[in-house]
*Asks:* 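Here it is: the structure, laid out below.
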Amino acid sequence: MSQPQKLSFIRRLSQIGTLLGTWSGGVKVGSDKFGNVYYRSRRKEPGRRERRWVIYAGEPEASKVPPEWHGWLHHTMQEPILDTSPFHKPWQKPHEPNLTGTAGAYFPPGHPSQGSRRAAATGDYEAWKPEE
């Protein structure tokens with residue numbers, strides 16, 4: 001596991017400001033399996049959409065937001081899709097955040113971190129030779 005990053009003073013102030021704003025003007029709507037918590041504003045200004053936001057569990061990473069909450073955050077739907085919704089199909093894979101840069105990242109066979117070995121080509125491949 002990687003070392004926690006040292007947060008800058010400005011980033012800490014930003015996080016404190018978001019938490020204070022959430023405490024004073026936010027209403028909790030729900031949370032997801034990653035531990036992210038979703039909020040909407042208590043008051044809606046006339047002529048404007050309500051404000052919606054997420055407080056991330058751990059490091060802020062937008063790819064940790066599942067599709068049902070992404071649609072809600074971006075005002076594509078009025079309410080988030082529940083797990084019991086008919087929109088969830090048994091053949092769908094569960095949402096995974098982007099794992100690039102983590103221990104769970106995908107490396108194809110033949111990648112240097114996988115030993116630089118890959119399966120030999122099958123009989124349908126013939127290498128090009130410039131002298132021919």
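Only a predicted model underlies this, so the values are computations on that prediction, with no experimental measurement involved.
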*Asks:* Around Gln92, counting heavy atoms of other residues, nucleotides and ligands shown, do more than 12 lie under 6.0 Å from its CD?
*Replies:* yes
*Asks:* To the nearest 0.5 Å, how far apart are CG in Leu73 and CZ in Arg51?
*Replies:* 11.0 Å
*Asks:* Please step through side chain to side chain contact (heavy atoms under 4.5 Å, CB included) for the pair Tyr38 and Asp32, ending with a clear verdict.
*Replies:* CA-CA 8 Å; Tyr38 300 88; Asp32 62 25; 2.5 Å; yes
*Asks:* Show the numbers, then the answer: is there a side chain to side chain contact (heavy atoms under 4.5 Å, CB included) between Tyr106 and Thr100?
*Replies:* CA-CA 8 Å; Tyr106 170 76; Thr100 301; over 6 Å; no
*Asks:* Going by the angle between their ring planes, with limits at 30° and 60°, are His74 and His70 parallel, tilted or perpendicular?
*Replies:* tilted
*Asks:* For a side chain to side chain contact (heavy atoms under 4.5 Å, CB included) check, start with the C-alpha distance between Tyr56 and Val65, then their side-chain angles and the critical distance, and finish with the verdict.
*Replies:* CA-CA 9 Å; Tyr56 294 101; Val65 175; 3.8 Å; yes
*Asks:* OG1/Thr22 to CD1/Ile55 distance, rounded to the nearest 0.5 angstrom?
*Replies:* 4.0 Å
*Asks:* Rounded to the nearest 0.5 Å, what separation is found between the OG atom of Ser31 and the OH atom of Tyr39?
*Replies:* 9.0 Å
*Asks:* For Val54 and Val37, what are the C-alpha separation, side-chain angles and deciding distance, and is it a side chain to side chain contact (heavy atoms under 4.5 Å, CB included)?
*Replies:* CA-CA 6 Å; Val54 58; Val37 184; over 6 Å; no
*Asks:* Taking the side chain as everything from C-beta on, heavy atoms only, tell me whether Ser63 gets closer than 4.5 Å to Glu96.
*Replies:* no
*Asks:* What I want to find out is whether Glu50 reaches Lys44 closely enough, with some N-O distance under 4.0 Å, to be called a salt bridge.
*Replies:* no
*Asks:* Can you tell me how far the CD atom of Glu68 sits from the OG1 atom of Thr76, to the nearest 0.5 Å?
*Replies:* 12.5 Å
*Asks:* Which distance, rounded to the nearest 0.5 Å, do you find between the CE of Met77 and the CZ of Phe87?
*Replies:* 7.5 Å
*Asks:* Can you tell me how the ring of His95 sits relative to the ring of Phe34, calling it parallel under 30°, perpendicular over 60° and tilted otherwise?
*Replies:* perpendicular
*Asks:* Without swapping roles, check the side chain of Arg40 against the backbone of Trp53 for a donor-acceptor pair under 3.5 Å.
*Replies:* no
